[in-house]
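Small disclaimer: the values here were computed from a predicted structure and weren't measured. Below, all heavy atoms of this structure are taken into account, side chains as well, without hydrogens, waters or symmetry copies. Whatever order the structure lists them in is the order used to number ligands and atoms, beginning at 1.
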Amino acid sequence: LPRKNTSLPPVVFHWIPFIGNAVAFGINPVNFLQECQKKHGDVFTCILLGKRITVCLGPDGHDFVFNGNVKNVSAAEAYKHLTTPVFGKDVVYDASVTTFMEQKKYDVPLICVYVEFVKAGLTTESFRLYVPMIVEDVLKYCQRFPMTGGRLNLGECMAEMIIITASRCLMGKEVSAALNEGETAVLYRHLEQGISPINFMIPNLPIEVNRKRDASQVKLTALFAGIVKRRRESEDNLNQDVVQTLMEQTYKDGSPLPDHHIAHLMIALLFGGQHTSATTSTWAIIHLAQDQQLIKALRQEQLEVLGSLFEPLTLDTLKDMPLLDNIVRESLRLHPPTFQVLRKILQPVAFDKTGYVIPVGHHICAAPMVSHLDERYFKDALRFDPYRWMRGEDGSAELESEVGADTTTDYGFGTVTTSARSAYLPFGAGRHRCIGEQFAYVQLKTIIAIFVRLFDFELPQGTIFPESDFTSMVVHATDPCEIQFTWRK
Ligand code: HEM
């Protein structure tokens, strides 16, 4: 039947009004979206527990969602009910867009400079320090593994390595020490359990998980604000970490960041990089475990750059290892941790290329994972093939030259350019683009490089390669995600 209002995208068929497509979406959202795409093309609306979500797939859909005008399209309205109880008040999506953009900029001197490797001075020096720090922490962590080898639960192990290395590099000595203590680690776990699909769909249910989340938020804020206070009082101001950067900055009106803003931003940053990087390192290593030739090629690459596998890794030598780089890139293609990104429509928005107008109250959703797995953009898309990037199959080159749709984000001391009209967007695009990308790359590359030095590893006999588990906000590998390892001589 012809639709009554042709300016609205097609609605995906469902039997039960409020529930809508929630069951099919919940079981495997990517399969569901691929099926809808076959029927309706790149733009369609599904109903998920009463929310009307217009999915915009492909490079044009990405551009529409990531580059939406802030007056019409809001990330805060889509996410704040989920993130404010976890991060705290007045930061990120609980702040005005302008304030959040200022806060993002303030985080950047330490994070974005990693990107460029060219900035002189303190921040580049800090960055160079991180590689040996990560190496040291990974070596220390691996000493826990039995000398006789055995099975390793990769998910758990990578989550621990990421938090240890990220907190030491970015958050400084005090947070790192605190997170190693039992009580703080428990607070952190309670907080992370608050970021869940149920809290996204129905916020603030009076359930035990949320009570623990709220209590832990207050305690962690007090702990982090206490660190800031102690540093100020003891004039401990020579640290090269994000805490120090935030303490030294002011908002545009000249006012310093209140301590609770600093504490809440620290929590937000810890969360931004934890599950995303933990799951990426897990996938990278499990793919390596399946392909012994790749492990050998990675060792060979290190030998060619360093001369010996006993030479220390540095920022500069890591830069000369394209295969290692592409192992991370390809893991993010097949398994982008943030498989979908949402915005809420505040004013009706025309999606010009399609003739549709998306009404107020709808959410729009980009799901880069669907394009990452699409044969139109990536040949043999389901195959883990890091060499595809060396052959220039980046899923976006043609489109970019066709439209020249680059997005330049000016962080105030340098720019990061990404085209939102790309098929490959594991770190998003536009004003909400990830600021942790370069840190994540350095951290992940260092961990993988050390891992292949230390261990021979493979999938345990009789185990099945893990699948994507979509039950939490960040997609991870299904349990058990194990490898069989032995120490190399
Ligand atoms: C934003 C992915 C690591 C901090 C984003 C977005 C994506 C993403 C897709 C865009 C979200 C949106 O548009 O709604 C990833 C992946 C990572 C990673 C795949 C690692 C493999 C990190 C790290 C940090 C971080 C290490 C911090 C140190 C942030 C922040 C934002 C962001 C602050 C901005 C949110 C906004 O402006 O709305 N990330 N991220 N991320 N990420 Fe990451």
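Within the listing of ligand 1, atoms 2 (C), 9 (C), 19 (C) sit less than 4.0 angstrom from a heavy atom of P426. In summary, the atoms of ligand 1 found under 4.0 Å from a heavy atom of G428, numbered by their order in the structure, are 9 (C). Remark: ligand 1 atoms within the under-4.0 Å shell around heavy atoms of P337 are 19 (C). Close contacts of ligand 1 with I435, meaning ligand atoms under 4.0 Å from a residue heavy atom, involve 30 (C), 33 (C). For ligand 1, the atoms closer than 4.0 angstrom to any heavy atom of G436 are 22 (C), 23 (C), 24 (C), 25 (C), 26 (C). For ligand 1, the atoms sitting less than 4.0 Å from at least one non-hydrogen atom of Y79 are 14 (O), numbered in the order shown with element in parentheses. Listed by number with element, the atoms of ligand 1 under 4.0 angstrom from any heavy atom of A440 are 20 (C). Heavy-atom contacts of L170 reach the following atoms of ligand 1: 28 (C) (cutoff under 4.0 Å).
Ion pairing between D236 and K173 holds under the 4.0 Å rule for side-chain N and carboxylate O. Using a 4.0 Å cut-off between a side-chain N of Lys or Arg and a carboxylate O of Asp or Glu, R189 and E192 do not qualify as a salt bridge.
Which of E437, R343, R431 comes nearest to atom 12 (C) of ligand 1 through a heavy atom is settled by distance: it is R343. When V92, T280, L270, V341 are ranked by how near their heavy atoms come to atom 21 (C) of ligand 1, first place goes to T280. For atom 26 (C) of ligand 1, the nearest non-hydrogen atom from the set C169, A76, G273 comes from G273. Looking at Y93, F66, F271 and measuring to atom 35 (C) of ligand 1, the nearest heavy atom belongs to Y93.
Pairs passing the salt bridge (charged side-chain N to carboxylate O under 4.0 Å, His left out) check and including a residue from residues 340-349, sequence neighbours excluded, do not occur. For residues 75-88, every residue pair satisfying the salt bridge (charged side-chain N to carboxylate O under 4.0 Å, His left out) rule, not counting sequence neighbours, is listed here: E77-K80.
Taking distance alone, with nitrogen or oxygen atoms compared against 3.5 Å, R433 stays at or beyond that limit from ligand 1.
For K89, the NZ atom sits in a loose shell: 12 or fewer heavy atoms of surrounding residues, nucleotides or ligands are nearer than 6.0 Å. By the 6.0 Å contact criterion, NZ on K219 is open, its count of non-hydrogen atoms from other residues, nucleotides or ligands being 12 or less.
A heavy-atom separation below 4.0 Å is found between S277 and ligand 1.
Residue T478 comes nearest to D469 through the heavy atom pair CG2-CB, 3.8 Å, listed as atom of the first residue, atom of the second, then distance.
Both the sub-6.0 Å distance and the 45° axial angle are satisfied by R333 relative to the ring of F378.
When the options R213, Q193, H190 are evaluated for a side chain to side chain contact (heavy atoms under 4.5 Å, CB included) with V86, the one that passes is R213.
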